[in-house]
Amino acid sequence: MSEVPTSVFVISAPSGAGKTSLCRRLVAEVEHLRFSTSHTTRAPREDEIDGADYHFIDKARFQAMIQDKQFAEWAQIHENYYGTAKSELTAAEEHGDDLLLDIEGQGAQQIRETWPDSVHIFITVPSLEVLRRRLTERNTNSEEEIDRRVANAKREIAFMPQYDFVVVNDDLDEALAALKSIVLAERRRTRRVLPALPEDLRP
Ligand code: 5GP
């Protein structure tokens, strides 16, 4: 196990804010940043891979994991369950990695209670019009689904004040640069750098 403590980064966003692509690029481009693969009861989308995008499980198994206290946080969204297994955090600690959680507001609140030092970032869109357009361009979503996602987006936006940082995703590269700068700055906190310094250089 690394002597430098793991940092937990929480990223939330209304659906359509570009969170998934930003998170993918962030973990690909920043060393020692691991994506937390959540468990969910929702059905996989066409391009999703079990064990990579999510661990897809049924409701009975999810409920058994809740009973066993295996989740660091979990939430019910639409008619499905989503949760972060505690084992994701243990694995990150064992590898000396930081962990990136792509979760929604209720789960983020639970993480804040358990890990007060976690860093919470909210990604948002420049306008509701842009959000609607992005959701319409995703041809996997029906009109009814889009309306539901816009309503959910508004609900998600209500959680914004509890986040430490807000990144407006107008331009993907700029938003990615902002996310990287947050991660890199967090890694330079005294409490993180100090334990890694040679003993004769510590105060
Ligand atoms: P989707 O079904 O579009 O993949 O995700 C729907 C919402 O669930 C997104 O806001 C996503 O961030 C959230 N989500 C994904 N995994 C988790 C999780 O483990 N816990 C919580 N609380 N939310 C999650």
Side-chain angles (χ1 to χ4, degrees), residues 8-27 33-59 61-66 68-92 99-115 118-125 131-132 134-142 144-160 162-167 169 175 179:
V8 174
F9 295 94
V10 170
I11 296 197
S12 306
S15 171
K19 180 183 54 174
T20 309
S21 27
L22 279 168
C23 286
R24 283 206 186 120
R25 283 184 62 186
L26 191 64
V27 293
L33 184 62
R34 162 190 292 256
F35 183 75
S36 165
T37 304
S38 294
H39 284 71
T40 186
T41 61
R42 91 150 157 70
R45 297 190 183 118
E46 218 172 275
D47 57 339
E48 285 179 328
I49 299 164
D50 186 27
D53 296 290
Y54 282 103
H55 300 288
F56 294 99
I57 58 171
D58 63 22
K59 275 196 179 143
R61 171 109 180 80
F62 199 99
Q63 269 150 359
M65 285 180 74
I66 296 175
D68 277 358
K69 303 203 180 332
Q70 288 187 42
F71 287 117
E73 64 75 33
W74 64 271
Q76 189 177 0
I77 312 154
H78 312 158
E79 62 280 3
N80 294 309
Y81 291 93
Y82 295 80
T84 306
K86 288 178 184 166
S87 56
E88 293 292 323
L89 287 132
T90 319
L99 192 65
L100 180 68
L101 270 56
D102 164 355
I103 62 175
E104 51 67 66
Q106 303 169 66
Q109 271 177 335
Q110 296 169 51
I111 293 292
R112 176 74 88 196
E113 282 160 24
T114 320
W115 286 274
S118 52
V119 179
H120 295 230
I121 309 165
F122 194 89
I123 301 173
T124 192
V125 278
L131 179 74
R132 211 165 233 294
R134 286 189 193 162
L135 290 175
T136 311
E137 280 163 6
R138 282 188 192 177
N139 50 14
T140 46
N141 294 334
S142 67
E144 189 186 306
E145 177 71 9
I146 290 162
D147 285 343
R148 193 167 69 156
R149 284 186 179 258
V150 168
N152 284 332
K154 288 184 180 168
R155 203 168 316 136
E156 200 58 16
I157 283 165
F159 285 103
M160 208 192 294
Q162 82 184 22
Y163 288 78
D164 303 305
F165 298 97
V166 176
V167 172
N169 181 15
L179 289 176

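Side chains included, hydrogens not; waters and symmetry mates left out as well; all remaining heavy atoms used. Counting starts at 1 for both ligands and their atoms, in listed order.
The distance from atom CG of L101 to atom OG of S38, rounded to the nearest 0.5 Å, is 6.5 Å. In this structure, T40 OG1 and K59 NZ are separated by 9.5 Å, a value rounded to the nearest 0.5 Å.
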- Message: Determine whether E73 and T84 satisfy the following criterion, side-chain hydrogen bond (donor to acceptor under 3.5 Å, both in side chains), listing intermediate values before the conclusion.
- Response: CA-CA 6 Å; E73 64 75 33; T84 306; 2.5 Å; yes
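The environment of CD in E144 is sparse: at most 12 heavy-atom neighbours from other residues, nucleotides or ligands sit within 6.0 Å.
Using modelled atom types, one side-chain atom of K86 and one backbone atom of K69 make a donor-acceptor pair closer than 3.5 Å.
Here the two rings, on F71 and F62, have centers that are under 6.0 Å apart.
Sorted by chain then number, the residues whose non-hydrogen atoms approach ligand 1 to under 4.0 Å are K19, S38, R42, R45, Y54, E73, A75, I77, Y82, G83, T84, D102, I103, E104, G107, R149.
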